[in-house]
Amino acid sequence: MSKRSTSASPKHAPALDESAHIYLIDGSAYIFRAYFAMFKASQARGASFTRSDGTPTGAVMTFCNMLWKLLREGLDDGKPTHVGVVFDHSGESFRNEIYDAYKANRDEPPEELVPQFPLIREAVRAFGLTPIEQEGYEADDLIATYVAQAKGTGAEITIVSGDKDLMQLVGDDVSMYDPMPGNERRIGRDEVVKKFGVGPDKVVEVQALAGDSTDNIPGIPGIGVKTAAQLIEQFGDVETLLERAGEIKQNKRRENVIQYAEQARISRKLVELDSEVPLEHPLEELGSPEVDGKKLIAFCKAMEFTTLTKRVADAYGLDMDKVAADESLAPDGEPAEDADDDETTDGAPGPAHLATHRAKAIRDIPIDRDAYETVTTLERLNEWLARAREQGYFAFDIETTSLSAMRAEVVGVSMALKPGEACYVPMAHRKADELDFGDANGLAQVPRDAALEALKPVLEDDGILKIGQNLKYDYLVLLGLGIEMRAIDDTMLISYALDTGRGTHGMDELARRHLGHTCITYKEVAGTGKAQVTFDLVPIDKATAYAAEDADVTLRLWLMLKPRLAAEGMTAVYETLERPMVPVLARMEHYGIKVDRDALSRLSGDFAQKLGALESEIYELAGEEFNIGSTKQLADLLFGKLGYPGGRKTKTGAWSTGARVLEDLVADESLTEAQRQLPIKLLEWRQLSKLKNTYTDTLPDYIHPDTGRIHTSYSLGSVRTGRLASTEPNLQNIPIRTREGRQIRTAFVAQDGHKLISADYSQIELRVLAHIADIQALKRAFAEGLDIHAMTASEMFGFPIEKMPPEIRSRAKAINFGIIYGISAFGLAQQLGIPRSEAGEYIKKYFERFPGIRDYMEEMKAEAHDKGYVRTIFGRKIHFPELETATQAARGNFERAAINAPIQGSAADILRRAMIRMPDALAEAGLSARMLLQVHDELIIEAREDEVEPTIDTAVQIMSAANEPAVDVSVPLKVDARAADNWDDAH
DNA sequence: AAGTTTCCCTA
DNA sequence: GTAGGGAAACTTG
């Protein structure tokens, strides 16, 4: 018995007579249906249904909203006088004694739902009611018994449920009401007839014959609801039918009825509700709908339901601030870092305990690569999938011919159901003539199309959780095959949410770190270098060991890491900032961006010509030919033979030839005009060779042969601040600063009839800084739309903003950037080309003018030292384990990173939130526009020409409000957007 | 063939 | 001073 059950004091309800109206609410069914129908769907859209300590509360909230509405307003026919909220008792019911497979095919409840069951019972108490449940009985039986007893009183009865198993109870004074949000409906006799083809009194007969796969009620094979209704119409009931089965005309049907007669009798017992349960809470004790506002507010506050708290306070004219959260249910404040001795209020082990307990148990199960199964038939694959369906979750991995998802062909898939229980399903392996696999390595495998067809419904089922490592890859490959994965968890992203800064999040490293296990490397199975083969040529036995191990390890990592999310209060970060990025990014990568190959080719030609001319001039000036691209040869020549004054050295002691050194030579007044020509030409050559080699020569190779577009890959979990990184190719470093560089941008174009829209945040990091450090002067400047660098310069150097000399403004700009980067006198001096002492003076002056900034910096340093991490405004943690061990010299670097991380990271989180909402926002606005690229503070969207204006409006709207409603930002987020035919003109 | 260094492109 | 990716040269195995 719960500690608090004694404190629940049911109020006295009026007498039960003809004027009474009883609501019997089927709590358990509602929770499940609400969860699958809406809570999960909203979650997939990125909505947060998690309390600040990570406890999932979506189902509790839905339930409370339903109950609130029900008690306050009643249903379509007035308010109730008596209310009972009824739940299934956990564990088996008497039906399992009749038929041990009853409900045996039910999935375990979803992980997010489990901690919510006790909370929902608490919710019922908060409404002043007693949750009704009884060991050995299901909610339906209790409801049936209440109905049977209430009938004698003449009261009107409404069963609040949409469950067809309760339809047998409908009668003169008894109807049902399905409370599913958006699908509310009254269910009376007519609705029952529509569903079962017979009246409520014959429903059990029909159900007995037709069976029910969700409850695992067998029924009679070959008979569905239609046939069952027809048979019952003819024979009256199951028993009569079985006696006179010989009269059935259809041969097969008759045989089945006779053969499965006993099964039908059992089924009837299973579906018929027990209306004679000895009630622990008799009918007279049903509660009243009157609510104690304070008690309910205390509960809602503990759950952090802001909207409902307000609604309740308004309804009762109470001041919500004056009611404290129910402490026995509220989060404990700082979530438990340490995984020891935490307990929930019911004394059950909490998430932190679960996390450590799981970790230990999983590490103890050895990994045996020889135990994995190779699935070679479709039948066997379907058996695995059926088990996955039954379990409700499984680990999953695709093997393909390419690391590039857009070019990958599926070769096989692996899956794991439990630690050590994994298989590989080869689909498209082939023999290469030059390799002898031997006889034992035949190519028995499941044809690809058939295998994918079997997989598709499971992958797309949002009731079956697919667990993977870096699932964006699999998602993208499958998207190309017309499969849209739903219900996913990604171990890489879970690890990233938990452990950013504590190492990388690749599977091999996670396996080593958490399981003490070294995975087989890809090279071990596929070879290395020139001898490396694609996965379809890997022998199937090796492939099984490799692929099934991946799935096995992924599952184990998930079992270990997932409970840590709740234990460490990171569930919301994972579910709102990480997981929803997978489908969004996969689609952006899938669409790609159109690139004008010919334009790039022309540029390459131009650059080549100019480079040729420059080379000749450089050889002429140098007096000899050499490899200009070789820094070593160049240094030898410049500082050796030609005697130029050497500037800086690199960290390995070599003379530096970087742009800064060459620029210094150009400006060196001790050199002659003629001597300055060589560094000038070298700088030009460097710039052009960079543009040619890195961009115009390389980008065309990334144009996909089928789509004519470039499909970059965005990496999640690789940047410690939460930013994305773009690879193969990197489209986040396309040139913009020089005229020649911008020509490359013009080659990124919209497709025919479309425009590219570039929407970017203005000064987002400085705005975030102004907010976090709470700097009034900066906040005011942003609110008034001032030129922030000019304003800084004005504050520091005293010039009026309107007459600011450009060079003063640019100094202030450098300082502002320096602040974001965790300023040092050394760095600022280098940036501005001034003595370090002078830079130090600037910084001193800045801090005098903006002391809050210095306070912020000191705070971040202290927090990073004390706690080992800093946080973004959305709660993402960035760990700095290095600070504990760093030497004095190295410490400054980490401290600057800790200062920068909340700024860069919060900005990155804002971008993520905008990106996650954008596709739905565009679709809801009826727009066909698509996000194509993200460049840290900029989104590139492709829109049809006739939709450009509304697309810009939507994008700006979403981006400007991306922080809401999770976090208030005390500075406006300004977004600029424009459209053009190419990226350069749009930016 | 694989790893490291230098340089340079982006926010 | 923050956060990245990547080409080419160079070093090491």
Side-chain angles (χ1 to χ4, degrees), chain A residues 500-501 523 527-532 626-635 648-662 682-683 685-699 702 712-715 718-738 740-742 744-745 760-766 769 814-832 836 839 842-843 857 860 878 892-905 907-908 911 933-938 987:
Chain A
T500 302
K523 284 170 185 168
T528 177
K530 226 180 125 188
Q532 190 166 79
F626 66 104
N627 183 349
I628 306 172
S630 161
T631 51
K632 192 165 171 286
Q633 290 183 38
L634 180 61
R648 309 177 312 149
K649 297 256 184 97
T650 64
K651 65 179 171 196
T652 56
W655 288 109
S656 169
T657 65
R660 284 298 301 268
V661 172
L662 297 178
L682 285 169
L683 282 166
W685 185 91
R686 280 264 178 87
Q687 199 218 121
L688 289 177
S689 75
K690 171 76 181 180
L691 295 178
K692 181 170 185 287
N693 290 330
T694 308
Y695 301 105
T696 57
D697 284 358
T698 315
L699 286 174
Y702 287 103
T712 183
S713 178
Y714 288 103
S715 60
S718 72
V719 183
R720 72 186 313 184
T721 55
R723 276 190 177 179
L724 306 177
S726 160
T727 63
E728 288 182 300
N730 181 354
L731 296 186
Q732 292 179 324
N733 71 347
I734 301 303
I736 190 167
R737 286 182 189 173
T738 64
E740 289 85 354
R742 277 202 302 277
I744 293 164
R745 278 198 178 217
D760 68 325
Y761 284 102
S762 158
Q763 307 284 6
I764 188 164
E765 293 189 346
L766 273 178
L769 173 65
I815 294 169
N816 278 333
F817 274 104
I819 296 295
I820 291 169
Y821 298 154
I823 202 154
S824 76
F826 180 86
L828 184 62
Q830 200 169 290
Q831 174 68 31
L832 290 176
R836 205 182 313 178
Y842 282 179
I843 294 169
M857 290 180 151
M860 286 307 112
I878 298 109
N893 296 323
F894 294 118
E895 287 176 343
R896 280 192 294 278
I899 290 166
N900 172 258
I903 306 171
Q904 189 180 116
L911 252 291
L933 302 180
Q934 189 254 40
V935 194
H936 307 311
D937 65 358
E938 176 188 14
H987 189 83

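Values below: every heavy atom of this structure, side chains too, minus hydrogens, waters and symmetry copies. Throughout, a chain's letter reflects where its sequence line sits, starting with A, and its residues are numbered from 1.
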OP1 or OP2 of B:dT10 under 4.0 Å from side-chain N/O of A:Arg737: yes

Sugar-phosphate only, base, or nothing, as touched by A:Thr631 at under 4.0 Å among non-hydrogen atoms: sugar-phosphate

Side chain to side chain, A:Val719 and A:Leu724, heavy atoms closer than 4.5 Å: no

Which nucleotide in B:dC9, C:dT2, C:dG4 has an atom nearest any side-chain atom of A:Tyr695: B:dC9

Side-chain N or O of A:Arg686 closer than 4.0 Å to phosphate OP1/OP2 of B:dC7: no

Sugar-phosphate only, base, or nothing, as touched by A:Glu938 at under 4.0 Å among non-hydrogen atoms: nothing

Residues A:His987 and A:Glu938: side-chain donor-acceptor under 3.5 angstrom: yes

Exercise: do A:Arg836 and A:Ser824 side chains pair donor with acceptor under 3.5 Å: no

Positions of residues 651-660 of chain A (non-hydrogen atom under 4.0 Å from DNA chain B), listed by number: A:Lys651, A:Thr652, A:Ser656, A:Thr657, A:Gly658, A:Ala659

Whichever of A:Val719 and A:Pro729 has its nearest DNA chain C nucleotide further upstream toward 5': A:Val719

Minimum-distance nucleotide to A:Thr727 side chain [options: C:dG5, B:dA11, C:dA3]: C:dG5

Residue A:Tyr702, side-chain atoms from C-beta onward, closest of B:dC8, B:dT10, C:dA7: C:dA7

Sugar-phosphate only, base, or nothing, as touched by A:Ile819 at under 4.0 Å among non-hydrogen atoms: nothing

Any side-chain heavy-atom pair of A:Leu699 and A:Ile744 under 4.5 Å: yes

Sugar-phosphate, base or nothing in reach of A:Ala814, heavy atoms under 4.0 Å: base

Salt bridge present between A:Glu765 and A:Arg723 (N-O < 4.0 angstrom): yes

Separation of atom CD in A:Glu740 from atom P in B:dT10, rounded to whole Å: 12 Å

Touch class at under 4.0 angstrom, heavy-atom based, for A:Arg723 against every strand present: base

N/O donor-acceptor pair, side chain A:Arg720 with base C:dA3, under 3.5 angstrom: no

Sugar-phosphate only, base, or nothing, as touched by A:Ser726 at under 4.0 Å among non-hydrogen atoms: sugar-phosphate

